[in-house]
Structures are given as C-alpha cells and as structure tokens.
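Inspection log for the structure reproduced underneath, given as structure tokens.
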Number of protein chains: 2
Amino acid sequence: MRVKVLGKPSFQEAAEALKRSIAEHMVAIVVGRCTARYQGRSTSSLGEGDRLLIIKEDGSVLLHRPSGYSPVNWQPSTSIIEAIGDSEGLRIKAVRSRPREILEVHFNHVEMLVLIGGMVDDAEFIEYMDEHLIRDLLAEEPWLLEKGLRITEKEKAVRNGYIDLYGVDSKGKPVIVELKRVRASREAVIQLKRYVDYFSGELGVKPRGILAAPSISSDALRLLSTLGLEYKKISLRRLYKRVWERRKGGLEAYEGKGTTGAAADNGNKGRKYSEEKRGG
Amino acid sequence: MRVKVLGKPSFQEAAEALKRSIAEHMVAIVVGRCTARYQGRSTSSLGEGDRLLIIKEDGSVLLHRPSGYSPVNWQPSTSIIEAIGDSEGLRIKAVRSRPREILEVHFNHVEMLVLIGGMVDDAEFIEYMDEHLIRDLLAEEPWLLEKGLRITEKEKAVRNGYIDLYGVDSKGKPVIVELKRVRASREAVIQLKRYVDYFSGELGVKPRGILAAPSISSDALRLLSTLGLEYKKISLRRLYKRVWERRKGGLEAYEGKGTTGAAADNGNKGRKYSEEKRGG
DNA sequence: GCCTTGATGTCGCGT
DNA sequence: ACGCGACGTCAAGGC
C-alpha cells in the first residue's frame, strides 16, 4: 500500500494526480467543497457543500455528505472517469454507458487529495444465515419445518419465478415453501400465492403454501389465511445453531457463500432427500 | 473545514485521535489492513485486507473494499462507537441497539488516519422525475396519459395498498393507473391487478387498469393482456420537458422533493382536478 | 442482453 | 414503533 497526500493542491495539480490515479487503478479520496449534477435514470442536482469523493480501483465513484449511510451521488463500477482542473475548479465527470448516466462533481475548493495505490484485498467475505443457507439447511432437515415433510427440490424454476422449497407432506400433498429471513410482509404472501396459483393452474392440483419466516406482519397474516395459506415461524438463532452443530459434527460443509474464494455449493441441486429422521 | 492527517500512527495514537473525532462529531477515515466481524440481522466475517473505514459525523460507519459500490460492512447512524488501541492493533466497535447489531473492525496495520472537522453541508439535494413528481404532473395534465381522462385522486389509499392515480375516462368508466418510473416487470402488473380486483370486489364495478411506464418486459405485457389490463408507454424525457415548461411558465412550483431545505409539497393532496383541457 | 430474486438492503412517509 | 412502497436501488445467478 502506497499512500500519497496532497494538502490544498491547485485544481490543476489535483486533476493531474487524479488522472494518474485513475489510469493506475488506485483509490483516490478528494476532500473539499463541491456541487454535483446527475443525469441518467433520474436527474438530480446538489448544491454546494463539504463532501468526500471516493474513486475506487474499478472506477466506482461515491460522493458522500458528512452524514448518512448512503452516498448522495454515485456511479457504479462500469464508469469512465475524467478529471479536469482549470482556474475555475476541479471537475470530475463519471460516465456510464448502459444505462447512459452522467455524474459531474465540481469542486471549487479542494482541501485534500489522498491517493492510495496497491491496496490488496483478496479476503473472503463469509455471510452466515442468508436465505441460501437457510434453504439448504431446511432442504436437508425438513423436519425442522414440519414433521413428515419431504423436500424434493430447491429453488425450483417455474414460469412465475422460483420456488424456494418444493416437496410433499406426510399425507402425500404437494407443498410449496416460500422462505423469508426477515419479517414477512404482504409482498411475501403475494409471491407465495403466485406459485400456488401456478401449480393449481398448471398441474390441476392445489398444493399447500407455507410461508416460513421469523415473523409476519398482522396484515400479511390476515391475507395469508384469507388465501388459504399457512405460516410457519422459524427461529434464525435455532437454525444457526443447527448449522453450527452440523459443521462441528463433520457432516457436509455448510460454509456459507463466499464472495471471493471457494464457493460452498455442495452440488446436490437435483438430489432427492429420501430419509426422514424423526429426531425432532 | 479542518483536516488533520496522521501517517502510520501507532494503534494507541490512532485510537486516541478517533475517540476525539467521534466525541467531536468529526469525520474520520482510516486507511489500513483489517479484518471485520458483524453480528445482528445477519452474521458475517471478513478476512484480512486493505480497506477504507469511514466514520461520519452522525456515527455512520462504512467499511469499503478497494472496489465496488457498496460497503462490505457498515453500521447506520444510530450506532455507538468505541475505539481501542493496544499493542495488538486498533479495534473499532460500532454497536446499534435497535435492532441489536455489532460491527467490529480490527486493524493490524494503520497506514493513515484522516480527521476532518467542521464539514458544512446544508445544500439542498433536488431530485427530478421521481415517481412522486411524475404522478403530480399526470394528475394535473391527465391528457398526457389519455385524451378525456379525468383524475380525481392521487395515491388513493385502499385496503390493498395505494393506487397511484384514480379517475374516470371519457366514457365515464373508472380508471386505475399504476405508475412505474422504470421498466415495468411482472410485479407491477400484479400490483395493478390487485387494485383492480379490489375495486371489482368492493364496488362491484370492474375499472380499467392502466400500467403507465417507459417500457415493459414482454412477459409482463403478455400477463397484462391475459388479465385484460392495458399498457400506456410514457416518455420520461417528454414529461421532464413538460415539467420544465410549466416551471418556466410560472405555473405552480414543480420543484421536486428536497431532502434538505424547503420541501415542495404544493399541498393539493385532496384537490379535485375539474378542468380537462383537450390541448393534446 | 433480459429477467428474477435477495439484501444486515436503505430511505422516507404515514399511522 | 410497525407497515408499506420506491429506489439512479446494487449484486448475483439463469437463460
């Protein structure tokens, strides 16, 4: 990591440094006073204020105000970036082709410029208990959802979208499970309804529809019963514990999806889960 | 704006500086090598790498990798932040109470620390052509949507949600308009269907359902016709031009919603639009 | 490329 | 606080 700091550079100096930094895929931070204009999917204009502009290695551009989580203006990684410095100020223009979007940031004061080269970050980001992992666990251990339930397919593609879990209950009735890792809203109910409708129409059989979530809004629950669907409460904490036990127990790897490094797809997409334990 | 830069500070120095910066609501940037752990709504762990940590005035925490739009880990503004520096490293812990979330970032190398005090940013952020503005324009000038259409209500609350525009067509038939600023997908069609169904059931009258959007996916269009609903293409560019003309023409203010500064709610929420011009 | 879904989504508004 | 919908959502995965 090589860091270079320019304090109160001239606009020309700043522009030159930025150009080099962009060409060499460095990370640049501009601290100063600016305005911004955006045109593309929407149109916005931002008055003058003190901000933080970050240009990343891949050309992502983030303009941050002194407060708040989200950038006030930005450009995703696919953008082409220009920096122009003249007597009037430092202009940074980031253009994206598809969709066509232009972000222009105009600094009339640059307090500081930081250039960072050679940042190395190959590390794996592991996320536990995303929906994917919950789905895999419940596919392997469907009794956590309901006694006697047998799951035959995960992420089953249907015309309408994707069914999280599909299977058969103890009485031989088909079951569609829609999974949410957060409180279920009306939207989730509607999503489930869609899949159930598809099956009713396509196969002539009305399957049970189960919405599995840690909690559900009262409105959603009401709608659910109106539509003849079911709610099954799940405990993320309990599922997480179960995943952890499995990993310790040396069963199959439940590593969670890594954004970098080895993926943990255990490749049993079409596998049938024949044995149903009654260990609950 | 006061900026202070510490190059390769000791962990203790860095922690002290950060504590001060947090207490005084400054903006701080840490450049260095770190790992991170998060636990709360989800759980994640991030291996060692070179990153950018930003702590804002309101206590927002953003941990950015050298690439990509979104932070790899973060904490929104409501968090309480601790900084501890010892021989092993610099630890930053950001805790949020509701929901309970903890983010810990552990730097084993600090390349640079930047502290920025007194950032001033009161500027207004103006966004043109969000859905709200389009809705207001079309409510005022419904002939842009269809000749003879009369809009009686905006954002009409019904059991199912909110109808963007509600009115009556030239033949006296009720019309429900669902508006999308972006390409309409199947979801939008389903949303519209819901409202139409509500009206059919509740009032015993089947209204026309119009999906107004700049474009529509082929699947969504197919579904739309199956359901007996209509698609009306709108041109954002044209609408934008119209808004601009109105503003220039000195009609009512169409300022777009400002996140800071004066809001532009022209307060005609329940207003009826009696006159229908046939100027199209 | 289009389409669909998930997300620690975030944000803003209304009740 | 919850509920709900928009977002320049972003990002990933299928086709």
ask   = Are A/Gln191 and C/dG6 close enough that a side-chain N or O sits under 4.0 Å from OP1 or OP2?
value = yes
ask   = Who passes ring pair (Phe, Tyr, Trp, His ring centres under 6.0 Å) against A/Tyr240, sequence neighbours left out?
value = none
ask   = Roughly how many Å is it from CE in A/Met129 to P in C/dG6, rounded to a whole number?
value = 15 Å
ask   = Atom CZ of A/Arg237 and atom P of C/dT8: how far apart are they, to the nearest Å?
value = 18 Å
key: Those residues that, when tested against A/Lys93, pass side chain to side chain donor-acceptor pair (under 3.5 Å) (two or more places apart)   = none
request  = Establish, with yes or no, whether the OP1 or OP2 oxygen of C/dT5 is under 4.0 angstrom from a side-chain nitrogen or oxygen of A/Lys180.
outcome  = no
task = Compare the minimum distances between each of C/dG9, D/dG8, C/dT5 and the side chain of A/Arg96, then state the nucleotide with the smallest one.
result = D/dG8
inquiry  = Tell me every residue that passes side chain to side chain donor-acceptor pair (under 3.5 Å) with A/Glu187, counting only those two or more places apart in sequence or in another chain.
reply    = B/Arg194
query = Relative to the 5' end of DNA chain C, which residue comes earlier, A/Arg181 or A/Asp164, by the nucleotide with the nearest heavy atom?
reply = A/Asp164
message = Taking only the C1' atom of each, what is the distance from C/dG14 to D/dG8 in whole angstrom?
response = 25 Å
query = Can you check the A/Glu187 CD to C/dG6 P distance for me, whole Å?
reply = 11 Å
Residue list, side chain to side chain donor-acceptor pair (under 3.5 Å) with A/Gln75, at least two apart or on another chain = none
inquiry  = If only side-chain N and O atoms count, and only distance matters, is there a donor-acceptor pair under 3.5 Å linking A/Ser217 with A/Asp219?
reply    = no
query = Taking the nucleotide of DNA chain D with the closest heavy atom to each, which residue, A/Leu103 or B/Arg98, is nearer the 5' end?
reply = B/Arg98
inquiry  = Please enumerate all residues that pass salt bridge (charged side-chain N to carboxylate O under 4.0 Å, His left out) together with A/Lys193, with sequence neighbours excluded.
reply    = A/Asp197
inquiry  = Using a strict heavy-atom distance below 4.0 Å, which residues from residues 36-51 of chain B are in contact with DNA chain D?
reply    = none
task = Would you classify A/Arg135 as touching base, sugar-phosphate or nothing, given that sugar-phosphate means primed atoms plus P, OP1 and OP2, and contacts are heavy atoms under 4.0 Å?
result = nothing
inquiry  = Taking 4.0 Å as the cut-off, does a side-chain nitrogen or oxygen of B/Arg183 come that near to OP1 or OP2 on C/dC3?
reply    = yes
ask   = How about A/Arg96 and A/Ser79: does a side-chain donor come under 3.5 Å of a side-chain acceptor?
value = no
inquiry  = Going by the rule ring pair (Phe, Tyr, Trp, His ring centres under 6.0 Å), which residues pair with A/Tyr69 if we only count those two or more places apart in sequence or in a different chain?
reply    = B/Trp74
inquiry  = With the threshold set at under 4.0 Å for non-hydrogen atoms, list the residues of residues 69-77 of chain B touching DNA chain C in residue-number order.
reply    = B/Val72, B/Asn73, B/Trp74
request  = Using atom CG of B/Leu133 as one end and atom P of C/dC13 as the other, report the distance to the nearest whole Å.
outcome  = 15 Å
message = Starting the side chain at C-beta, find the nucleotide from D/dG8, D/dG3, C/dG6 nearest to A/Glu131.
response = C/dG6
ask   = What is the distance from CG of A/Asp130 to C1' of C/dA7, rounded to the nearest Å?
value = 9 Å
Between P of C/dG9 and CG of B/Leu62, the distance in whole Å = 16 Å
query = Hey, is the side chain of A/Ser218 poking within less than 4.0 Å of OP1 or OP2 on D/dC2, counting only N and O atoms?
reply = no
ask   = Is the CZ atom of B/Arg242 crowded by more than 12 outside heavy atoms at less than 6.0 Å?
value = yes
request  = Starting from P on D/dG13, measure out to CD1 on A/Ile163 and report it in whole angstrom.
outcome  = 21 Å
key: Below 4.0 Å: OP1/OP2 of D/dG3 and any side-chain N or O of A/Arg186   = no
query = What integer number of Å spans the P atoms of C/dT8 and D/dC4?
reply = 22 Å
task = Kindly state each residue pair satisfying salt bridge (Lys or Arg N to Asp or Glu O under 4.0 Å) with at least one member in residues 229-240 of chain B, sequence neighbours excluded.
result = B/Arg208-B/Glu230
inquiry  = Tell me the interatomic distance from A/Lys156, atom NZ, to C/dT4, atom P, rounded to whole angstroms.
reply    = 18 Å
